[in-house]
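Below is one structure, written out as structure tokens; comments come after it.
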Amino acid sequence: MRMSRYFLPVLKEDPAEAAIVSHRLMLRAGMIKQSSAGIYSWLPMGYKVLRKIEDIVHEEQAKAGHMPMLMPTIQSADLWRESGRYDDYGEEMLRIKDRHDRDMLFTPTAEELITDIFRSHVSSYKDLPLTLYQIQWKFRDERRPRFGVMRGREFYMKDGYNFDLTKEDALHAYNRHLVSYLRTYERMGLQAIPMRADSGPIGGDDTHEFLVLAETGESEVFYDSAVTDLTFGDREIDFDDVAQCQSIMEEFTTKYARTDETHDEALFNEVPEERRRTARGIEVGQIFYFGTKYSDAMNAKVQGPDGKPVAVHMGSHGIGVSRLLGAIIEASHDDKGIIWPEGVTPYHVGIVNLKQGDEEADTACESLYKEFTAAGLEPLYDDRKERAGGKFATMDLIGLPWRITVGPRGLKNGVVELTSRKTGESTEMTPAEAVARVKDIYAGA
RNA sequence: CGGGCUAUAGCGCAGCUUGGUAGCGCGUUCGUCUGGGGGACGAGAGGUCGCAGGUUCGAAUCCUGCUAGCCCGACCA
């Protein structure tokens, strides 16, 4: 992408409406524009990152054997009456009427609809296990939306649902999700710690929330510092291997890590004092096992091996895709702007031409641009007729992890500069070396 | 939903107390000079002062009502 052609309305000053850093930076970096309270338009730069995050979620879901699909945002109230949640959900559910005066709603989650689809088409235990998911817009009419996309009313969420014959099978599905989520967040450059949580209106006994530690987090969290030493890494996973998923689940959930909802002071005090931590966290996902709550209420049964009907065991799992943008920025920024982790960066590398119009500089930039594109990477080339300072400030603000600076001074010696956004370190090298270096960095990611 | 605050140009703000027909910085357009961390000079464009009503010869300014947004608390991907 050439910046001269890009729609990137960056702001030099902080908008008054934004109180926390991720919101401020998303507005300043031209990623989002508020449309009304808790509802945002996603401008090209924001949309680009949103899709990157979405892609990672899809890829990791596919690895775990889960099937993507898409359900409508507007649903009939009837199904929700069947589960009893039409009354339980309260003011957070946006209720609307169609022209025939029928009660409709904007989906806050989709257990009812997926259960209805399931019961219409699945009747044998032989079709189990089954896990379906979607990434779709949700609406919850929050009393007080705030913090930009971190707590919007409209938000983009991955929501998945598993159907299993027995509790044991459903708990494997639970573990499988926990494992796949660990890798999903890690790929985004985040450490998201699974913490024992409270189930809320979805119901059920077993549930973990994934929290990213950040000062601006809405939840208070208590944990054993040993959990932050755990990393998922590149390990090979067989998602059908019950024992493997179980052991990874135990590895990541045995040490004390709870939100204030489930915090147990006595248990916490068993953690060695030097490892006890109290912090704040941003919830970026949650997994549930809720047994037959919905299958009983909505008569979702399959025939078991003995020919008798059995209510299926279910669980649901969510990742707050749009919230993740805020969470990642909260966890990765400095006073100049965003610092995107390589896994989610909107563009892989920025090219700054210090003297637009200088024949040599222009040619060098064009050739870098072509080489990156040919290598399957996406460069963002600042080809505007701006001064160096302005170009650097913009690059720092939007936070691409790597920047190549091209100017007449360096080209005289045959070199350009490769700069890390994170460390600020610059290294001079030939353009060919810079291309190889950047290709190398992303080949590993 | 309780408490507090705000609404004037794309963004950040002043003007309101004491009514006289709107201003500053940034951004933006054009020109000249500049050119390795938001440069200088000159010339422009851009506003039904959130909406509705009232007081007044006259309202951004005073009064009433409404709407929207933000912050703090109780609730949530």
Side-chain angles (χ1 to χ4, degrees), chain A residues 9-20 23-24 27-28 30 33-39 57 89-93 107-110 135-160 181 192 197-202 207 209-212 217-219 259-261 281-288 316-327 336-337 352-358 361 382 384-397 403 405-412 415-417 419 424 426 428:
Chain A
V10 300
L11 302 173
K12 217 163 161 178
E13 284 170 284
D14 283 330
E17 72 199 57
I20 65 164
H23 190 194
R24 270 204 306 273
L27 290 167
R28 286 196 51 206
K33 166 149 175 38
Q34 179 166 329
S35 151
S36 55
I39 302 179
V57 174
Y89 223 97
E91 296 281 299
E92 277 200 8
M93 187 153 74
T107 178
T109 171
I135 300 180
Q136 176 63 295
W137 292 96
K138 304 292 186 300
F139 196 93
R140 294 186 191 173
D141 202 357
E142 298 279 343
R143 281 174 189 161
R144 189 185 157 208
R146 64 190 124 160
F147 303 153
V149 300
M150 296 254 282
R151 193 175 177 72
R153 291 193 292 171
E154 187 180 55
F155 58 98
Y156 203 42
M157 181 173 92
K158 174 260 172 179
D159 49 320
Y181 276 23
D198 191 46
S199 64
I202 291 179
T207 178
E209 283 179 348
F210 289 78
L211 285 109
V212 173
E218 290 194 86
S219 322
T259 65
D260 48 4
E261 292 167 338
I282 300 164
E283 192 193 330
V284 293
Q286 189 161 12
I287 53 176
F288 301 89
S316 70
H317 340 87
I319 293 180
V321 174
S322 50
R323 172 179 285 185
L324 273 165
L325 275 88
K336 293 182 194 154
V352 170
N353 186 344
L354 289 173
K355 193 164 185 185
Q356 205 71 43
D358 177 273
D382 193 344
R384 297 171 303 161
K385 221 172 156 39
E386 292 289 321
R387 299 173 66 83
K391 291 192 176 189
F392 289 139
T394 301
M395 278 294 174
D396 288 344
L397 174 63
R403 182 186 84 203
T405 310
V406 180
R409 202 178 287 174
L411 287 175
K412 220 169 279 171
V415 297
V416 296
E417 242 172 60
T419 307
S426 286
E428 291 196 336

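Every chain is numbered from 1 and lettered A, B, ... according to where its sequence line falls, protein lines coming before strand lines.
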If you measure from the [atom1] atom in [N] to the same atom in [M], how many Å do you get, rounded?
N     : M     : atom1 : answer
B:C49 : B:A74 : P     : 41 Å
B:G65 : B:G25 : P     : 38 Å
B:C62 : B:G15 : C1'   : 16 Å
B:G23 : B:A45 : P     : 12 Å
B:C71 : B:U55 : C1'   : 34 Å
B:G69 : B:C57 : C1'   : 37 Å
B:C76 : B:C1  : C1'   : 15 Å
B:G53 : B:A59 : C1'   : 13 Å

[N] base to [X] side chain: any donor-acceptor pair below 3.5 Å?
X      : N     : value
A:D396 : B:G37 : yes
A:E13  : B:G27 : no
A:R151 : B:C76 : yes

Looking only at side-chain atoms of [X], point me to the closest of [options].
X      : options             : answer
A:E142 : B:G39, B:G37, B:C76 : B:C76
A:E261 : B:G38, B:C76, B:A77 : B:C76
A:R146 : B:C72, B:C76, B:G69 : B:C72
A:A16  : B:C76, B:G12, B:G37 : B:G12
A:S322 : B:C76, B:A77, B:C13 : B:A77

[N], OP1 or OP2 - any side-chain N/O from [X] closer than 4.0 Å?
X      : N     : result
A:K12  : B:C11 : no
A:R140 : B:C76 : no
A:Q34  : B:C70 : yes

Rounded distance in Å - [atom1] ([X]) to [atom2] ([N]):
X      : N     : atom1 : atom2 : result
A:Y89  : B:C76 : OH    : P     : 10 Å
A:M395 : B:G38 : CE    : C1'   : 15 Å
A:K33  : B:G69 : NZ    : P     : 12 Å
A:W137 : B:A77 : CH2   : C1'   : 12 Å
A:E218 : B:C71 : CD    : C1'   : 14 Å
A:D14  : B:C71 : CG    : C1'   : 16 Å
A:I39  : B:A68 : CD1   : P     : 12 Å
A:L27  : B:C70 : CG    : P     : 11 Å

Complement of [N], any strand, by Watson-Crick or G-U distances under 3.5 angstrom:
N     : answer
B:C16 : none
B:C11 : B:G25
B:C62 : B:G54
B:U6  : B:A68
B:C1  : B:G73
B:A40 : B:U32

First of A:A37 and A:G407 reached from the 5' end of RNA chain B, by closest nucleotide: A:G407
Could you give the distance from [atom1] ([X]) to [atom2] ([Y]), rounded to the nearest 0.5 Å?
X      : Y      : atom1 : atom2 : answer
A:D382 : A:M395 : CG    : CE    : 5.0 Å
A:H317 : A:K158 : NE2   : NZ    : 6.5 Å
A:R151 : A:R140 : CZ    : CZ    : 10.0 Å
A:K355 : A:K385 : NZ    : NZ    : 8.5 Å
A:R28  : A:T394 : CZ    : OG1   : 9.5 Å
A:D358 : A:N353 : CG    : CG    : 7.5 Å

Within the structure shown, what part of the strands sits under 4.0 Å from [X] by heavy-atom distance: base, sugar-phosphate, or nothing?
X      : result
A:G326 : nothing
A:R403 : base
A:A19  : sugar-phosphate
A:G389 : sugar-phosphate
A:G410 : base

Distances under 3.5 Å between nitrogen or oxygen atoms of protein and nucleotides 31-35 of chain B:
residue: B:U34; atom: O2; partner: A:R387; partner atom: NH1; Å: 2.5

Could you pull out the protein-nucleic contacts involving nucleotides 1-9 of chain B (nitrogen or oxygen on both sides, under 3.5 Å)?
none

Close side-chain approach of A:V284 and A:I319, heavy atoms under 4.5 Å: no
Flag side-chain contact, heavy atom, 4.5 Å: A:L27 against A:Q34: no
Test applied, side-chain contact (heavy atoms from CB on, under 4.5 Å); reference residue, A:Q356; option that passes from A:R384, A:E386, A:K391: A:K391
A:Q286-A:T207 side chain donor-acceptor pair, cut-off 3.5 Å: yes
Verify stack between A:F155 ring and B:A77 base, 5.5 Å, 30 degrees: yes
Full working for side-chain contact (heavy atoms from CB on, under 4.5 Å) between A:S219 and A:L211: CA-CA 9 Å; A:S219 322; A:L211 285 109; 4.0 Å; yes
Over 12 non-hydrogen atoms of neighbours within 6.0 angstrom of CD in A:E91: no
Set of salt bridge (Lys or Arg N to Asp or Glu O under 4.0 Å) partners for A:D141, sequence neighbours left out: A:R153
